[in-house]
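Let me begin by presenting the structure, written as structure tokens, before commenting on it.
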Amino acid sequence: MLDIKFIRDNKDLIAAAAKKKLIKFNVEELISADDKRRLLMTSTEKRRAEQNATSDKITKAANPEERAGFITAMKIVKADLEKEETELKEVMTTWQNLMLQVPNIPDMSVPDGQTDADNKEVKVWGEKPSFAFEPKDHVEIMTKLGMVDFERGSKVHGFRGYFLTGDGVRLCFAIWNYALEFFSAKNFTPVLPPIVVRKINLFGSGYLPQGEEDLYKTQDGDYLAGTAEVPIMGFHADEVLPTAELPKRYLGFSPCYRREAGAHGKDIRGLIRVNEFYKFEQVILCEANHETTVKYHEEVNRNTEEFIESLGIPYHTVANCGGDLGLGQVKKYDIELWVPKEGKYREISSASYFHDFQCRRLNIRYKDAEGKLKYAYSLNSTAIPTPRILVSLIENFQQADGTIKLPAPLVKYFGQETIGGQSSLTK
RNA sequence: GGAGACGUGGCUGAGUGGUCGAAAGCGCCUCACUGCUAACGAGGUAAGCCCUAACCGGCUUCAUGGGUUCGAAUCCCAUCGUCUCCGCCA
């Protein structure tokens with residue numbers, strides 16, 4: 001959600017934003033609805049003022065006759081008022097609907113483009129492994145090592161179902177423990193949030209009304225969030241935060257549920273695209289300042305890069321193009337890890353900032369130095385998702401004998417250097 | 001699942017038809033006091049929208065939406081939310 005005044009003053013920017021983001025939105029329609037809204041508001045307010053004034057006279061009337069006269073006069077005003085208020089209500093409904101569709105303005109540095117194919121590479125790190133043998137994909141390696149069971153996953157869950165088993169589970173726990181320690185050292189407060197959430201939280205964080213079909217829903221009308229960002233953003237909804245407490249830095253960990261409704265037939269093999277997974281997520285609320293939010297945005301993205309670098313997995317970072325940005329996002333970086341068998345990079349992380357787009361919807365405010373209430377700025381980034389990270393991790397570190405050599409930081413948490421072979425814990 | 005209570009400003013909390021945007025307290029701000037700080041004292045302090053260069057002014061908001069009324073925080077209905085007790089269950 002944006003400020004209507006800002007929209008009126010910058011309608012060209014909004015139109016350009018919609019165009020850049022490939023979002024269908026007609027600013028003029030909103031402006032004309034707003035013109036109507038203003039006109040009706042002014043006139044109903046005038047009538048109300050009259051009503052209030054007369055009401056006051058009724059209270060202070062000198063005698064019953066005078067009083068009765070005022071009441072009769074008011075009955076007439078009331079009829080007009082009711083008619084106008086009905087009209088105003090209709091206009092307001094249209095107006096609010098349009099307001100929810102206004103795209104946030106992408107940053108100047110966001111590249112033009114239609115799809116993720118147009119994203120701009122901004123960083124490349126690491127050396128892609130060259131194998132002296134024919135590398136296998138993660139499905140084959142993990143299945144052979146008893147780390148995953150897709151067949152029974154489909155039997156139990158259905159399409160995109162999987163079981164992690166044995167060392168697959170131990171490896172996840174090792175990553176989680178390492179991630180918790182790694183990101184905690186960067187001054188985040190860890191949070192285990194509820195992931196079954198009220199609808200309002202999805203509106204607040206910008207996943208609704210547009211993303212309905214990708215969300216699981218309960219019979220009570222609640223939703224399963226696709227990311228811990230949703231409950232964590234809801235955490236401070238309707239609050240006025242003490243300025244001294246900003247920035248708020250949270251590291252969420254939660255299961256994530258995504259229907260992948262628009263992705264039929266896409267990534268049907270393996271752990272790349274699944275309906276439920278686990279994710280550490282960085283969320284920051286900060287003061288309403290562009291430089292500040294950009295600083296944190298670079299930081300959270302860099303945190304994840306550092307984490308990946310510590311594991312030694314080759315990656316690149318892309319600046320997402322306009323067409324690949326969500327309604328509320330100002331700018332987004334994706335980090336993509338090298339997947340040897342596919343011979344391409346696959347997304348592992350997404351870092352975006354929103355200015356006050358989310359906090360306006362969620363009503364998260366703070367008092368600035370002048371004592372004025374302001375909407376906070378929000379930003380978030382994946383810290384690390386499992387099991388998707390396993391795809392690159394395992395494929396990059398596979399050995400000729402079918403075992404997996406773990407990167408150094410994970411050894412401590414996993415308890416051994418290699419998965420598979422003689423010493424394997426897998427049973 | 002059954003029964004009940006409740007929803008008021010940044011917070012606590014009073015208010016059962018007009019004098020209520022709302023007592024009181026806390027918090028916060030300013031001033032005074034003090035060697036300094038604290039305490040005490042005096043004053044101030046809701047948000048959003050419209051109008052305005054600004055001041056002034058106007059409107060809305062007591063969970064939300066409807067209704068009754070000339071007039072609603074207050075009465076009625078619905079919805080949402082919170083809490084308590086009983087039952088069931090991890």
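Values reported hereafter were calculated over all heavy atoms of this structure, with side chains retained and with hydrogens, waters and symmetry mates removed. Within every chain, numbering begins at 1; the chains are lettered A, B, ... in the order of the sequence lines, protein sequences first and strands thereafter.
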Rounded to whole angstrom, note down the [atom1] distance from [N] over to [M].
N	M	atom1	value
B:rC83	B:rC28	P	29 Å
B:rG4	B:rG87	C1'	15 Å
B:rG13	B:rU8	C1'	9 Å
B:rG43	B:rG35	C1'	26 Å
B:rG2	B:rC70	C1'	44 Å
B:rG48	B:rA32	P	31 Å
B:rA72	B:rG15	C1'	14 Å
B:rC62	B:rA73	C1'	5 Å

Identify the nucleotide, in any strand shown, that forms a Watson-Crick or G-U wobble pair with [N], with both distances under 3.5 Å; if there is none, say none.
N	answer
B:rC59	B:rG48
B:rA78	B:rU64
B:rU19	none
B:rA90	none
B:rA42	B:rU30
B:rU69	none
B:rG4	B:rC83

Measuring centre to centre across the rings, with the benzene-like ring taken for any Trp, is A:His236 within less than 6.0 Å of A:Tyr250?
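They qualify: ring centres under 6.0 Å apart.
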
Quick one: do the [X] and [Y] side chains pair a donor with an acceptor below 3.5 Å?
X	Y	value
A:Asn303	A:Gln282	yes
A:Tyr178	A:Ser310	yes
A:Thr243	A:Glu287	no

With the sugar-phosphate defined as primed atoms, P, OP1 and OP2, and the base as all remaining atoms, what B/S/- string results for nucleotides 45-50 of chain B, 5' to 3', for protein heavy atoms under 4.0 Å?
--S-SS

Contact pattern, 5' to 3', of nucleotides 67-74 of chain B - B, S or - by protein heavy atom under 4.0 Å
--BBS---

I need the single residue from A:Asp334, A:Asp324, A:Thr317 that forms a side-chain hydrogen bond (donor to acceptor under 3.5 Å, both in side chains) with A:Asn119. Which is it?
A:Asp324

Does the [X] side chain pair with the main chain of [Y], one donor and one acceptor, at a distance under 3.5 Å?
X	Y	value
A:Arg388	A:Ile272	yes
A:Lys279	A:Gly252	no
A:Tyr333	A:Arg302	no

Rounded interatomic separation in angstrom, taking [atom1] from [X] and [atom2] from [N]:
X	N	atom1	atom2	value
A:Lys46	B:rU60	NZ	C1'	17 Å
A:Leu246	B:rG10	CG	P	17 Å
A:Phe203	B:rC80	CZ	C1'	15 Å
A:Ile200	B:rU82	CD1	P	12 Å
A:Leu81	B:rC59	CG	C1'	11 Å
A:Arg47	B:rU60	CZ	C1'	17 Å
A:Asp238	B:rU64	CG	P	11 Å
A:Asn363	B:rG9	CG	C1'	14 Å

Do A:Glu306 and A:Lys186 pass the salt bridge (charged side-chain N to carboxylate O under 4.0 Å, His left out) test, and can you show the C-alpha distance, the side-chain angles, and the key distance before you say yes or no?
CA-CA 11 Å; A:Glu306 278 179 23; A:Lys186 301 205 177 280; 2.8 Å; yes

Which residues pass the salt bridge (charged side-chain N to carboxylate O under 4.0 Å, His left out) test with A:Arg37, sequence neighbours left out?
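Partners of A:Arg37 under the salt bridge (charged side-chain N to carboxylate O under 4.0 Å, His left out) test: A:Asp34.
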
Heavy atoms of A:Leu327 and A:Gln101 approach each other most closely as CD1-O, 3.5 Å

Remember a base hit wins even if backbone is also touched, and classify A:Asn52 as base, sugar-phosphate or nothing at under 4.0 Å, heavy atoms.
sugar-phosphate

